[in-house]
Amino acid sequence: MTDLHMHVLPGMDDGSRDAAMSVAMLERSAAGGVDTVAATSHFYAEDNDIPRFLARRRTAWGRLAEAIGDREDLPQVLLGAEVLYFGGISGVDTLDALCLEGTDLLLLEMPFVPWPDRVLREVEAIQRSGLQVVAAHIERYMDIQSRRVMEAFFDLGTFIQCNGSFFLSRRTARQALRMFRQGQIQFLGSDAHNLTSRPPDLGEAVQVIERKLGREAVGRFFAGVDFFIGG
Ligand SMILES: [Fe+2]
């Protein structure tokens with residue numbers, strides 16, 4: 001079971017504070033049945049350029065890898081990024097360096113404002129360049145966008161990632177399960193930042209899906225995930 005979205009690298013962003021917290025987050029993930037975690041630290045183009053981000057990520061990963069040592073009970077960690085959309089992103093020719101390790105999947109955080117058409121055109125251009133966009137936590141935008149814009153976005157054919165909380169909130173669970181059942185979601189993530197307010201909760205979310213839609217549906221879903229990440 002892969003958690004495609006987690007702020008687990010220590011000291012990179014508003015996620016894990018230090019290596020001990022990162023290890024505890026991985027322990028919690030493993031307890032929920034997760035065997036692979038994508039470390040998707042925030043990439044904000046206004047604070048970082050890509051080489052500097054990658055250098056910081058290497059250092060953070062070094063600290064975490066040392067804390068993990070030879071423990072085999074923890075999920076494997078794949079290095080990635082959660083890239084906040086910015087104007088001109090599709091023209092950045094080293095964007096592939098921010099894809100999830102070993103894949104051409106780019107976890108893209110969309111702007112939290114109504115999307116003008118040029119934003120959609122730019123996402124389309126990223127896709128055309130050969131990268132596969134994964135729209136991070138799509139449920140967080142759906143109330144902001146008009147139905148027409150949301151439909152146009154889905155028509156771009158990006159992959160869709162949803163957070164565990166989408167399934168765990170009583171307010172949204174029904175919609176989450178409907179989207180899952182209809183095959184509109186390709187990846188799940190906890191988007192965990194810590195152990196308290198935003199913990200690794202993918203295991204709980206998957207239990208909800210299993211209870212409502214059955215083990216088989218969940219098995220099929222994660223077989224698809226494994227296929228995309230080469231697992
Ligand atoms: Fe995130």
Side-chain angles (χ1 to χ4, degrees), residues 1-19 21-26 28-29 32 34 36-48 50 53-54 56-57 60-61 64 75-86 89 95 97-101 103 105-113 115 119 123 126 131-145 153 158-169 172 176 179-180 185-206 225 228-229:
M1 185 191 296
T2 295
D3 186 335
L4 199 86
H5 187 158
M6 201 192 291
H7 299 269
V8 70
L9 290 184
M12 280 293 285
D13 56 13
D14 55 343
S16 171
R17 219 174 27 236
D18 53 37
M21 188 190 236
S22 302
V23 169
M25 288 167 79
L26 291 173
R28 181 85 66 89
S29 300
V34 170
T36 302
V37 163
T40 51
S41 304
H42 286 293
F43 175 84
Y44 298 129
E46 55 179 8
D47 316 329
N48 268 288
I50 293 176
F53 174 84
L54 295 177
R56 289 178 54 230
R57 192 180 68 177
W61 168 235
L64 176 54
Q76 69 163 332
V77 176
L78 301 176
L79 298 181
E82 178 182 14
V83 180
L84 179 63
Y85 173 92
F86 54 95
I89 184 172
L95 204 55
L98 298 176
C99 286
L100 182 65
E101 190 179 344
T103 75
L105 301 173
L106 186 79
L107 185 65
L108 185 67
E109 180 175 31
M110 296 293 288
F112 289 95
V113 293
W115 303 330
V119 170
V123 173
I126 300 173
L131 303 186
Q132 180 63 61
V133 171
V134 180
H137 41 56
I138 199 75
E139 70 277 10
R140 290 177 60 186
Y141 312 105
M142 292 192 304
D143 292 344
I144 312 173
Q145 309 304 325
F153 184 82
T158 72
F159 286 140
I160 300 296
Q161 181 256 313
C162 291
N163 284 356
S165 56
F166 191 31
F167 294 84
L168 294 169
S169 154
T172 56
M179 284 179 66
F180 187 95
I185 301 169
Q186 286 76 44
F187 295 103
L188 294 173
S190 62
D191 199 4
H193 282 62
N194 52 47
L195 292 160
T196 48
S197 57
R198 300 181 73 179
D201 59 5
L202 193 61
E204 283 111 296
V206 168
V225 171
F228 293 128
I229 65 163

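Atoms within a ligand are numbered from 1 in the order they appear, just like the ligands themselves.
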| task | Could you go through the side chain to side chain donor-acceptor pair (under 3.5 Å) check for Gln161 and Asn163 one step at a time? | result | CA-CA 7 Å; Gln161 181 256 313; Asn163 284 356; 2.8 Å; yes
| message | Could you walk me through whether His5 and Glu109 satisfy the side chain to side chain donor-acceptor pair (under 3.5 Å) test, starting with their C-alpha distance in whole Å, then the side-chain angles of each, then the deciding distance to 0.1 Å, before giving a yes or no? | response | CA-CA 11 Å; His5 187 158; Glu109 180 175 31; over 6 Å; no
| request: Report the C-alpha separation of Arg198 and Asp14 in whole Å, then their side-chain angles, then the decisive distance to 0.1 Å, and conclude whether the salt bridge (charged side-chain N to carboxylate O under 4.0 Å, His left out) test is met. | output: CA-CA 11 Å; Arg198 300 181 73 179; Asp14 55 343; 5.1 Å; no
| Cut-off under 2.8 Å, centre the Fe ion (ligand 1), protein N/O/S atoms |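 Within the sphere that stays under 2.8 Å of the Fe ion (ligand 1), the protein atoms of type N, O or S are His5 NE2, His7 NE2, Glu82 OE1, Asp191 OD1.
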| said: Quick one, Ile126 with Thr158, criterion side chain to side chain contact (heavy atoms under 4.5 Å, CB included). Give me CA distance, side-chain angles, the key distance, then yes/no. | reply: CA-CA 10 Å; Ile126 300 173; Thr158 72; over 6 Å; no
| query | Centroid-to-centroid, Phe228 to Phe187, below 6.0 Å? | reply |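 Between Phe187 and Phe228, which both carry aromatic rings, the centre distance is below 6.0 Å.
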| query | Excluding sequence neighbours, so at least two apart, what forms salt bridge (charged side-chain N to carboxylate O under 4.0 Å, His left out) with Arg56? | reply |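 So Arg56 forms no salt bridge (charged side-chain N to carboxylate O under 4.0 Å, His left out) with any residue.
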